[in-house]
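Since the structure is predicted, the reported quantities are computational estimates derived from the model, not experimental observations. Every chain is numbered from 1, with letters handed out A, B, ... down the list of sequences.
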Amino acid sequence: MARDLMKRETNGNVAVAERTRNAVTYTPRFDIVETEGELVLYGDLPGVSKDNLDVRFENGQLTIQGTVEPRHADHEFLYGEYGIGDFYRSFSISEDIDAEKISAELHNGVLTLHLPKAEAVRPRKIAVKAG
Amino acid sequence: MVMNTLWRPFGSSVLEPFGFSDPTWLADSLAEMNRLSAEMDRMFRRFGLSDRPELPAVAYPALDLWQDDNCVYVEAELPGMDIGDLEIYVTGGDQLTIRGERKPPAVEKGTWHRQERGYGQFSRLLTLPCPVKTDEVEAHLKDGVLTITLPKCDAAKPRRLAIKAE
């Protein structure tokens with residue numbers, strides 16, 4: 001389990017123009033589950049507060065950007081097993097999403113995003129009439 | 001063939017009477033092996049033999065540890081945890097344990113498209129660089145980042161020595 005929980009660097013897959021403060025950007029880990037009515041995303045964004053989080057949905061592209069305040073500027077580490085950096089991730093959402101109803105919640109460093117499906121693509125049970 | 005019969009670390013009835021099937025025994029041994037390997041890495045790094053900018057963590061959670069004259073600080077990223085779900089204690093004056101369980105989100109039935117986050121129980125033990133005042137240890141959890149402040153024992157604090165001029 002340990003490996004799954006570690007932070008991953010983006011390996012260059014970042015929007016370079018947006019990087020202004022931290023030298024390193026990390027790809028946050030995400031769980032995505034689809035139910036009948038919505039897509040739910042859970043993302044680990046430790047150290048990101050509500051004010052430093054930017055979530056956008058545009059043309060089927062969901063972008064999550066979290067800024068983390070550098071907090072170890074003058075520490076000399078005895079253990080330094082993880083780095084501090086911003087978070088960036090973007091997803092292409094192929095489902096039709098009702099953009100007006102997207103909701104986001106950040107609690108203890110975990111982002112929960114609810115993306116309700118548009119009415120048109122929700123599964124519908126068709127009533128069959130006896131002829 | 002002999003090996004096949006003997007090497008059954010999980011659920012082996014042969015080993016059970018000796019308590020070897022206890023999962024904590026396995027976890028402790030693995031943790032100890034991890035610790036040794038980390039110590040080696042640290043040693044190489046100190047002598048400039050490792051070019052890695054930072055060492056990958058050997059166990060969850062990954063830790064940053066630093067100190068000043070008065071305190072030792074340990075920080076860990078633990079998104080999704082409440083402080084009440086964490087057990088933090090110091091034994092023997094310098095052995096810090098962080099323990100807890102990360103629970104999966106409660107989801108009604110659905111299709112998982114991605115599952116990148118890990119869940120489950122974790123426990124990490126580390127030896128602090130010096131003895132600390134066990135009663136005055138403080139832990140804070142904010143935005144999924146845990147910070148533990150451990151005040152050093154007075155004997156471990158640096159002391160300026162008076163130098164007498166002849």
Side-chain angles (χ1 to χ4, degrees), chain A residues 1-9 23-24 26-53 66 68-69 71-85 87 89 91 93-95 106-112, chain B residues 30-31 34 38 41-42 45-46 52-68 72-83 85 102 104-105 107-122 124 126-130 141-147:
Chain A
M1 154 182 137
R3 289 279 160 234
D4 290 349
L5 288 157
M6 302 307 171
K7 277 208 287 200
R8 299 177 303 176
E9 283 192 42
V24 188
Y26 293 91
T27 303
R29 293 184 178 275
F30 264 87
D31 287 350
I32 303 178
V33 64
E34 179 177 355
T35 63
E36 275 191 10
E38 61 177 0
L39 282 170
V40 189
L41 288 80
Y42 302 93
D44 285 342
L45 300 162
V48 178
S49 66
K50 189 172 145 277
D51 300 330
N52 291 330
L53 179 65
V68 178
E69 297 289 337
R71 52 183 189 260
H72 295 321
D74 50 356
H75 300 151
E76 194 179 320
F77 288 111
L78 298 167
Y79 280 36
E81 293 177 340
Y82 65 90
I84 308 291
F87 289 102
R89 186 121 187 215
F91 296 102
I93 310 286
S94 52
E95 292 276 355
L106 187 64
H107 182 62
N108 282 345
V110 176
L111 171 70
T112 309
Chain B
L30 287 173
N34 280 335
D41 275 351
R42 265 181 209 110
R45 190 184 179 205
R46 184 178 301 165
R52 280 184 286 187
E54 71 197 36
L55 286 166
V58 292
Y60 186 81
L63 300 174
D64 279 354
L65 186 148
W66 68 98
Q67 63 177 341
D68 58 22
V72 177
Y73 304 90
V74 177
E75 193 192 79
E77 293 184 324
L78 290 164
M81 299 291 299
D82 280 315
I83 196 88
D85 298 334
R102 198 161 106 122
V107 177
E108 46 171 319
K109 64 169 181 169
T111 314
W112 287 92
H113 291 291
R114 269 171 210 273
Q115 208 155 15
E116 300 169 349
R117 307 189 315 145
Y119 307 104
Q121 291 183 335
F122 57 84
R124 182 136 190 214
L126 85 154
T127 305
L128 299 166
C130 64
L141 188 65
K142 186 176 179 286
D143 298 328
V145 177
L146 173 74
T147 311

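Within the 4.5 angstrom heavy-atom criterion, only side-chain atoms of A:L39, from C-beta onward, approach chain B. In this structure, chain A has heavy atoms under 4.5 Å from both the backbone and the side chain of B:D82.
Counting all heavy atoms, side chain and backbone alike, B:G144 lies closest to A:P46 at O-CB, 3.8 Å. For B:H113 against A:E34, the heavy-atom pair with the smallest separation is NE2-OE1, 2.5 Å. Taking each heavy atom of B:R114 and A:F30 in turn, the nearest pair found is CB-O, 3.9 Å. Among all heavy-atom pairs drawn from B:D143 and A:S49, the shortest one is OD2-CB, 3.4 Å.
With respect to chain A, the highest number of heavy-atom pairs below 4.5 Å among B:Q67, B:E75, B:K109 belongs to B:E75. Of the listed residues (A:T35, A:I32, A:T112, A:L41), the greatest number of heavy-atom pairs within a distance under 4.5 Å of chain B belongs to A:I32. Put simply, of A:R89, A:K50, A:E36, the one with the most heavy-atom pairs under 4.5 Å next to chain B is A:R89.
The distance from atom CG of A:N108 to atom CD1 of B:I83, rounded to the nearest 0.5 Å, is 9.5 Å. To the nearest 0.5 Å, atoms OH (A:Y26) and CD (B:E77) are separated by 8.0 Å. Interatomic distance, B:L128 CG to A:L78 CG, rounded to the nearest 0.5 Å: 10.0 Å.
With B:D64 contributing its side chain and A:E81 its backbone, the two residues share a donor-acceptor pair below 3.5 Å. When atom types are taken as modelled, the side chain of A:D31 and the backbone of B:R117 share a donor-acceptor pair closer than 3.5 angstrom.
For the pair A:D44 and B:R102, the minimum side-chain heavy-atom distance is below 4.5 Å.
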